[in-house]
Amino acid sequence: MALALRHAALISALTLTAALAPAPAQAARAEDTTAPVITSVGLTEGQRVRKGVLLTPEVSDDTAVTRLELSGPGFETVVRTEAPWRPYWLTPAGEADVPVTLTAFDAAGNSSAATVTVHVDNVAPRVGLRMPAHYVRNGIVPLTVQPWANADMSDVEYVYYYANGEFVGVTGAAPWTVDWDTTAHSGLVELWAYVYDAVGNVQVTETLVTVDKLAPTKVTVGYPATDGYIGQGGLLSVDATDDLSVWGSELVVGGQVISRNDIASTGRLDLRWDTRLANGPVPITIRVSDQAGNVTEVRRTVTVDNDRPVVTVGASQGAYLRGRVTLTLTGYRDATALSDFQGTLVNSRQYYGFDHADATRSVVAETTQVPDGRYTLGWRTTDAAGNTTVVTRAVTVDNHAPAVSLTKAPKNRAKVTKKFTVTAKASDPYGVAKVQLLVNGKVVATDATAAYSFTVNPKKYGKKFTVRVRAYDRAGNVRYGVTRTYRR
């Protein structure tokens, strides 16, 4: 009986112990206090990354890793709850240093974290193709890229160049230049540059250039006055044609460029002779270029004449002119021949020119083509080199006759037996030269002083005679007054 009771008590104790003991899983959680160990985040400190990155972290635990979290500013947390533990990280836009934290959890809820800071670069190099010009000539042309708005190019790794889709070359070092042989191209060419940085971002940039293989043609040179002659301060007129566009010109004397011009700034190719050389023959070179730099040269020897002509003219200061006037060079002395002679009339409002010289060295000025008035009369003489001398005289042009009338005289058809007086008045804007008395159409008296007075003696003439006055202005214009008839 006692043995039975002891056996029952033992069974009861074992049953109670079993009821109070924890379950196996709970026991494991209660006993696991060791956090997972992160040996590697799958990224290294300072590593450069872009776009999507597949991480292969190294994580271990004394029991088992049950969860990984990849977190940081600017992107959504990436969670993995089963092996393989390879989170795929979509990096944030732009370029910046980003701290990335990897957190590992085990079944007991233990966790550990590790953080590395990496450089996220999702920005392609900010560069563009740089060309020396939009037009290039046949031969070797350097291709290169340049930053936009002083952007950083320190992370550029490679630049690949293409022309019309054909590979030109690749460079992996600054200044990022390759030589392009344009021989196989002509006309419009599309150039491309593919610029890669260290993490594989690429900037694609393109431009258009024109390959011009032909130099300007039909270059002509005009001289100031006579072909092959040049003087001080002369202008050489230059013209040329090109398959695309003529761009500029240069004048070379003695190996030195003494004048240049370009279409862009002046719209002309003309060249100024701005040098002083001794009179005589001088070799010169004229260069005409197109936009690509192709050059055509024209060489010749010209005659230099720096001296203005010495001339004399046949006219006096203060002369009065009317009608057709011949202007003549009475003397010409110069190292080169007379090229041109022009007569001019100039006042404060108008310029009138009368061309041109002939073998007689004279020109005809039609003063009736200009208004009456005070002028400067000029003899403009140009030699073969374009040097000009102007001789001037102050003159008055007057093509209108003066006004004249009788102020005192017997009435028309009056009978006169004794001497009588005739007086007249005359006027002209530029002065009256004289008034004459005509009897029977013949001049019998002249008076140059106003008031104009004459005495007529009827006994000197027939039983019937006529009396008339006429006035001359200083230019020689004449006007007659009325005729009166008398008898005695």
Side-chain angles (χ1 to χ4, degrees), residues 313-328 343-350 352-354 362-378 393-488:
V313 300
S316 59
Q317 187 79 0
Y320 288 80
L321 308 179
R322 67 185 181 93
R324 174 176 286 192
V325 178
T326 300
L327 307 178
T328 304
T344 60
L345 277 172
V346 183
N347 63 18
S348 60
R349 298 179 302 276
Q350 296 290 334
Y352 303 94
F354 306 96
S362 62
V363 295
V364 174
E366 288 287 356
T367 66
T368 56
Q369 298 176 0
V370 305
D372 290 354
R374 309 292 185 184
Y375 288 87
T376 298
L377 177 63
R393 299 285 188 268
V395 298
T396 300
V397 172
D398 182 5
N399 283 297
H400 293 84
V404 63
S405 63
L406 290 173
T407 57
K408 181 181 179 182
K411 292 182 179 181
N412 190 34
R413 300 183 184 280
K415 183 177 180 180
V416 291
T417 57
K418 298 179 181 181
K419 293 180 181 180
F420 61 88
T421 300
V422 174
T423 60
K425 67 176 180 180
S427 62
D428 188 85
Y430 305 105
V432 175
K434 60 185 178 182
V435 175
Q436 294 179 326
L437 176 68
L438 288 78
V439 178
N440 291 332
K442 294 182 180 180
V443 178
V444 297
T446 300
D447 192 351
T449 305
Y452 306 99
S453 179
F454 307 95
T455 300
V456 180
N457 185 357
K459 295 180 180 180
K460 291 184 178 182
Y461 310 108
K463 292 183 178 181
K464 188 177 181 180
F465 60 94
T466 61
V467 173
R468 193 180 192 186
V469 292
R470 67 182 180 191
Y472 287 87
D473 63 17
R474 293 178 180 178
N477 300 297
V478 60
R479 188 183 297 277
Y480 288 83
V482 298
T483 300
R484 293 192 180 185
T485 302
Y486 300 105
R487 60 187 177 84
R488 65 178 176 86

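These numbers were taken from a predicted model, which means no experiment stands behind them. Hydrogens, waters and symmetry mates play no part in the numbers below; they use all other heavy atoms, side chains included.
Between Phe465 and Tyr486, the two ring planes are tilted [angle within 30° to 60°].
Side-chain atoms of Asp473 do not come within 3.5 Å of backbone N or O of Ala401 as any donor-acceptor pair. Of the possible polar contacts, none joining the Asn412 side chain to the Arg484 backbone as a donor-acceptor pair under 3.5 Å is found.
We find the NZ-CZ distance between Lys463 and Arg488 to be 7.5 Å, quoted to the nearest 0.5 Å. To the nearest 0.5 angstrom, Asn347 atom CG is 8.5 Å from Thr376 atom OG1. Residue Lys415 holds its NZ atom at 6.0 Å from CZ of Arg487, rounded to the nearest 0.5 Å. Interatomic distance, CD of Gln369 versus CG of Leu345, reported as 10.0 Å (0.5 Å rounding). A distance of 9.0 Å separates CG of Asp428 from OH of Tyr320, quoted to the nearest 0.5 Å. Between Tyr452 atom OH and Thr423 atom OG1 the span is 12.0 Å, to the nearest 0.5 Å.
For the pair Val432 and Pro402, the tightest heavy-atom approach, listed with the atom from each and the gap, is CG2-CB, 4.4 Å. Considering every non-hydrogen atom in both Leu327 and Ala365, the closest pair reads CD1-CB, 4.3 Å. For the residue pair Gly323 and Asn399, the shortest heavy atom distance occurs at N-OD1, 2.5 Å. In terms of heavy-atom proximity, Ser453 sits nearest to Asp447 at N-OD2, 3.2 Å. Pairing each heavy atom of Lys464 with each of Thr485, the nearest pair is CE-CG2, 3.6 Å.
Gln436 has its side chain within reach of Thr446: a pair of non-hydrogen atoms, C-beta onward, lies under 4.5 Å apart. Looking only at side-chain heavy atoms (C-beta outward), Tyr375 and Leu321 stay at 4.5 Å or farther from each other. Two residues are said to be in side-chain contact when any heavy atoms from C-beta on lie closer than 4.5 Å; Lys459 and Asn457 meet this criterion. For the pair Thr417/Pro458, no side-chain contact is recorded, criterion being any heavy-atom separation below 4.5 Å from C-beta on. Counting only heavy atoms from C-beta outward, the side chains of Arg470 and Arg468 never approach each other to under 4.5 Å. Residues Tyr461 and Val444 meet the side-chain proximity criterion, which asks for heavy atoms closer than 4.5 Å. Gln317 places a side-chain heavy atom less than 4.5 Å from the side chain of Arg393. Taking the side chain as every heavy atom from C-beta outward, Val370 and Gln350 never approach each other to under 4.5 Å.
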